[in-house]
Amino acid sequence: MMEYRTKVPPLDCSDTALFLDFDGTLVDIAPTPDAVVLPADLGLLLCRLEEATGGALAIVSGRSLNELEGFLRGFDGVMVGSHGSEARGMTPPLEALPEGLEAAQTEMRDYAASRGLLYEHKSMGAAIHFRNRPDAGPEVRAFIDRLAITNPRFEVQPAKMAYELRPAGFSKDGALQLLSDLPAFLGRRPVYIGDDTTDEPALDWAETHGGFGIKVGEGASCASQRLPDPAAVLEWLRAGGAR
Ligand SMILES: [Mg+2]
């Protein structure tokens, strides 16, 4: 296997603004979203990095904010959830629930149940996972596409073995743009770490705003840097936080 690690410049907390995806980046992808296993020192590590960067650390995830808060107890820093539509530690980008949310969630739950697929309820949308039935991917995509067409307040977000309906007009790179104007982040070199297609715009944002992106795992990416898995990400972060 390629030795990616040697290529990534060491983390310098003194001038870096650190943006971290959650699933597939800090924790391994699990068979179901609830089943992720948290590294024992993750909360402590994030706290240490937050201090070392002068508060210029944010978790930027597609997960609901309340889920992130549940997983990352002990860390009280900035978090952006639901692909940029919810946030803690900054002005929430979307204050009200989008109209039609509940009806769309119900349709998706019923659809998933009728086909033996996993429905994931999210505070600002929902996802249908087809990891247990990979052949169902195109059918799920067509179903969620139709929902998004009939309700333009939402758009389809492809993810790893899942399709998601989320509020339109928000994105992780949009979140980075907002975060970078906060005093703690201002003037720092952005480093974004993510593993999924949803992370590409944010990886690109970091690359084009004086910093760099780190793609986690295999697959095409616009990021100039790469680490093989969450364990390598944590190792890189620990080394930077200890400096
Ligand atoms: Mg991810």
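All ligand and atom numbering here is 1-based and tracks the order in the structure.
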Query raised in the report: Got a salt bridge between R189 and D12, using NZ or NE/NH1/NH2 to carboxylate O under 4.0 Å?
Result: no
With a cut-off of 3.5 Å and sequence neighbours excluded, list every side-chain donor-acceptor pair involving residues 96-108.
{"residue": "Q105", "atom": "NE2", "partner": "K122", "partner atom": "O", "Å": "2.9"}
{"residue": "Q105", "atom": "NE2", "partner": "G125", "partner atom": "O", "Å": "2.9"}
{"residue": "T106", "atom": "OG1", "partner": "E102", "partner atom": "O", "Å": "2.9"}

Report task. Assess the pair Y163 and F143: is the distance between their ring centroids shorter than 6.0 Å? Result -> no
Query - Y192 side, atom OH; W205 side, atom CH2 - distance, nearest 0.5 Å - result: 12.0 Å
Query - For the Mg ion (ligand 1), every protein N/O/S atom that sits closer than 2.8 Å, waters excluded - result: D21 OD2, D23 O, D195 OD1
Report task. Please identify each residue that fulfils side chain to side chain donor-acceptor pair (under 3.5 Å) with Q225, with sequence neighbours left out. Result -> none
Sequence neighbours left out, cut at 3.5 Å: what donor-acceptor pairs do the side chains of residues 36-45 make with other protein atoms?
{"residue": "D41", "atom": "OD1", "partner": "R238", "partner atom": "NH2", "Å": "3.1"}
{"residue": "D41", "atom": "OD2", "partner": "R238", "partner atom": "NE", "Å": "2.8"}
{"residue": "D41", "atom": "OD2", "partner": "R238", "partner atom": "NH2", "Å": "3.4"}

